[in-house]
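Written below as structure tokens is the structure these notes are about.
What you see is a predicted model; the values in this text were computed from it and never measured. Values below: all heavy atoms of this structure, side chains included; hydrogens, waters and symmetry mates excluded. Starting from 1, each residue takes its place in the sequence as its number.
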Amino acid sequence: MPFSTLKDPVDLARAQSAFDSVWNQVKADIAEAEQGRERSRLLCIVAGLVYVALDEGDLTRRALERFRKKKD
């Protein structure tokens with residue numbers, strides 16, 4: 001689980017909240033067969049950004065932006 005590396009309860013709460021917010025925004029646009037994979041991808045994105053984001057809003061914005069970028 002990507003969030004298992006987060007030891008600080010505040011960081012964990014910020015990450016979970018940002019994940020929930022982004023997932024609620026994008027879930028309807030993802031085919032059901034791809035939702036598990038895309039959910040995991042978003043979890044990794046949020047976990048990777050939690051320490052560089054200024055606050056929960058910034059984390060949410062960055063995660064949404066990164067998630068929506070096309071894979072090269």
Q. Quick one: are Leu42 and Val22 in side-chain contact, heavy atoms under 4.5 Å?
A. yes
Q) When rounded to the nearest 0.5 angstrom, what is the spacing between CG in Asp20 and OG1 in Thr60? A) 9.5 Å
Q) For Leu43 and Arg39, what are the C-alpha separation, side-chain angles and deciding distance, and is it a side-chain contact (heavy atoms from CB on, under 4.5 Å)? A) CA-CA 6 Å; Leu43 283 167; Arg39 185 177 185 279; 3.7 Å; yes
Q.
Looking at every non-hydrogen atom in both residues, tell me the closest pair between Val10 and Asp8 and how far apart they are.
A. N-OD1, 2.8 Å
Q: Taking all non-hydrogen atoms of both residues into account, name the closest pair between Arg66 and Arg41 and its distance.
A: O-NH1, 4.3 Å
**Q.** Verdict with reasoning, Glu38 to Gln35, per side-chain contact (heavy atoms from CB on, under 4.5 Å)
**A.** CA-CA 5 Å; Glu38 292 301 295; Gln35 286 187 2; 5.8 Å; no
Q. Is there side-chain contact between Val50 and Phe19, with at least one heavy-atom pair below 4.5 Å?
A. no
Q. Counting N and O atoms only, with roles assigned by atom type, does the side chain of Ser21 sit under 3.5 Å from a partner on the main chain of Ser17, one being a donor and the other an acceptor?
A. no
Q: State, to 0.1 Å, how close Gln25 and Arg68 come at their nearest heavy-atom pair, and which atoms those are.
A: O-NH2, 4.3 Å
Q. Any salt bridge between Arg62 and Glu65, counting N to O under 4.0 Å?
A. no
(Q) Is the shortest side-chain heavy-atom distance between Arg14 and Leu6 below 4.5 Å? (A) no
(Q) Could you measure the distance from the OH atom of Tyr51 to the OG1 atom of Thr5? Nearest 0.5 Å is fine. (A) 5.5 Å
Q. Shortest non-hydrogen contact from Asp58 to Ala53?
A. OD2-CA, 3.3 Å
Q) What's the spacing between Glu56 CD and Arg61 CZ if we round to 0.5 Å? A) 13.5 Å
Q | Single-linkage hydrophobic cluster, 4.5 Å side-chain cutoff, Leu64 and Val52 together | A | yes
Q. Could you give the distance from CD1 (Ile45) to NZ (Lys69), rounded to the nearest 0.5 Å?
A. 10.0 Å
